[in-house]
Amino acid sequence: ARWEFLNFGVSEYSPISNLIILENGRVTGFKPNALLVVGHGADLMTTDHVLWGINNDAITHDYLRRAVDSVGITRDLPRSEQLKRLRPLERQIVTETFRRLKAVGEAAGARVFWVYVPTPMQKPTEAREAMVIEVAKDAGLDVIDLRGLFAGKDELSLVVADGDRH
């Protein structure tokens, strides 16, 4: 059997960014059997991606536009108010993003896995970790949970660059 692994990951990408990469066809053009989408505890925090879209007239998807419109966010609002209105929708936005990730992968003939990988020295609360894993499962993704990956390890020794703790 021949195995080939291609890494399309980009540091700091949100689930929405990963969806855009899959939708543009560059990944699915390789006809993968499986897609492993790596996630972290911060995956629920999609606000920066959405706010960038609002403030640059670049909302990329209908479900994001509906979410933004439902809470009356405009580019004229201060960022603090935009965040305040958007934060309650994060779970809903990420759930729909994960559903779409799965649909795009399956349409290309691939099984889609969401792999939770903790980020060294950036530990979210256990509740936040559990919630993002639950969201991935609720969206129908096959989840590989690596929460205990660094247990008993000196996490500082795992960091290879100050600017990237992945």
Side-chain angles (χ1 to χ4, degrees), residues 1-75 77 79 82-83 85-119 122 124 128-147 163-166:
R2 182 173 165 242
W3 293 84
E4 184 174 19
F5 291 88
L6 303 174
N7 182 353
F8 292 90
V10 178
S11 181
E12 301 295 323
Y13 263 28
S14 71
I16 296 166
S17 302
N18 289 326
L19 175 60
I20 292 168
I21 285 175
L22 283 183
E23 289 174 333
N24 75 19
R26 281 185 250 161
V27 173
T28 55
F30 285 95
K31 306 287 185 221
N33 298 98
L35 293 169
L36 282 72
V37 180
V38 174
H40 310 283
D43 276 7
L44 285 177
M45 299 167 67
T46 59
T47 49
D48 284 338
H49 186 106
V50 176
L51 290 181
W52 183 90
I54 293 165
N55 295 318
N56 291 283
D57 292 324
I59 294 291
T60 53
H61 294 82
D62 59 339
Y63 73 101
L64 296 175
R65 171 55 55 204
R66 283 192 303 274
V68 165
D69 290 347
S70 76
V71 291
I73 297 175
T74 65
R75 67 188 313 179
L77 290 172
R79 180 177 171 81
Q82 291 174 331
L83 284 169
R85 293 181 186 196
L86 192 59
R87 285 263 152 88
L89 301 178
E90 286 179 327
R91 183 180 178 126
Q92 169 189 332
I93 289 169
V94 174
T95 299
E96 182 59 24
T97 302
F98 283 170
R99 284 186 183 129
R100 290 175 183 230
L101 278 166
K102 180 179 179 180
V104 172
E106 288 179 345
R111 184 171 173 188
V112 183
F113 296 86
W114 185 78
V115 184
Y116 182 82
V117 178
T119 305
Q122 295 179 352
R128 191 154 194 84
E129 280 184 322
M131 185 184 307
V132 72
I133 290 166
E134 179 183 312
V135 166
K137 288 178 180 177
D138 287 349
L141 293 169
D142 291 306
V143 173
I144 299 171
D145 180 358
L146 299 177
R147 276 184 278 191
D164 185 359
R165 299 191 180 266
H166 289 88

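When reading the values below, keep in mind they use all heavy atoms of this one structure, side chains included, and skip hydrogens, waters and symmetry mates. If you read the sequence from its start, that first residue is 1, and numbering goes on from there.
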CG of Leu83 to CD1 of Ile73, rounded to nearest 0.5 Å, is 8.5 Å
Please report the shortest heavy-atom distance between Val132 and Gly41, naming the atom on each side. CG1-CA, 4.3 Å
Any idea which heavy atoms bring Ala110 and Pro32 closest together, and the distance? CB-O, 3.4 Å
Mind checking whether Phe8 and Asn18 have side chains closer than 4.5 Å, heavy atoms only? no
Can you measure from CG (Leu6) to CG (Leu36) and round to the nearest 0.5 angstrom? 11.5 Å
From Asp43 atom CG to Arg128 atom CZ, the distance as rounded to the nearest 0.5 Å: 9.5 Å
State, without any angle test, whether His61 and Glu23 hold a side-chain donor-acceptor pair at a distance under 3.5 Å. yes
Between Ile93 and Leu86, is the side chain to side chain contact (heavy atoms under 4.5 Å, CB included) condition met? List the steps. CA-CA 10 Å; Ile93 289 169; Leu86 192 59; 3.9 Å; yes
What pair of heavy atoms forms the shortest contact from Val50 to Ile16, and how long is it? CG2-CD1, 3.8 Å
Minimum heavy-atom separation for Thr95 to Ala139, with atom names? O-CB, 3.7 Å
Working for side chain to side chain contact (heavy atoms under 4.5 Å, CB included), residues Arg99 and Glu96: CA-CA 5 Å; Arg99 284 186 183 129; Glu96 182 59 24; 3.9 Å; yes
Working note: Val112 + Phe98, criterion side chain to side chain contact (heavy atoms under 4.5 Å, CB included); need CA distance, chi angles, decisive distance, verdict. CA-CA 10 Å; Val112 183; Phe98 283 170; over 6 Å; no
To the nearest 0.5 Å, what is the distance between CG on Leu101 and CD1 on Ile20? 10.5 Å
Examine distances only and state if a side-chain atom of Gln82 and a backbone atom of Thr74 form a donor-acceptor pair shorter than 3.5 Å. yes
For the student: nearest non-hydrogen atoms of Val117 and His40, plus distance: O-ND1, 2.7 Å
What's the shortest heavy-atom distance between Phe113 and Ala34, and which atoms? CE1-CB, 4.1 Å
Taking Arg75 for its side chain and Asp57 for its backbone only, find out whether a donor-acceptor pair lies under 3.5 Å. no
Any Arg100 side-chain heavy atom under 4.5 Å of Tyr63 side chain: yes
If you round to the nearest 0.5 Å, how far is OG of Ser14 from CH2 of Trp52? 11.5 Å
Give the C-alpha distance, both sets of side-chain angles, the deciding distance and a yes or no for salt bridge (charged side-chain N to carboxylate O under 4.0 Å, His left out) between Lys137 and Glu134. CA-CA 5 Å; Lys137 288 178 180 177; Glu134 179 183 312; over 6 Å; no
Side chain to side chain contact (heavy atoms under 4.5 Å, CB included) assessment of Leu89 paired with Ser70: CA-CA 10 Å; Leu89 301 178; Ser70 76; 4.0 Å; yes
When rounded to the nearest 0.5 angstrom, what is the spacing between CG in Asn33 and CD in Glu4? 11.0 Å
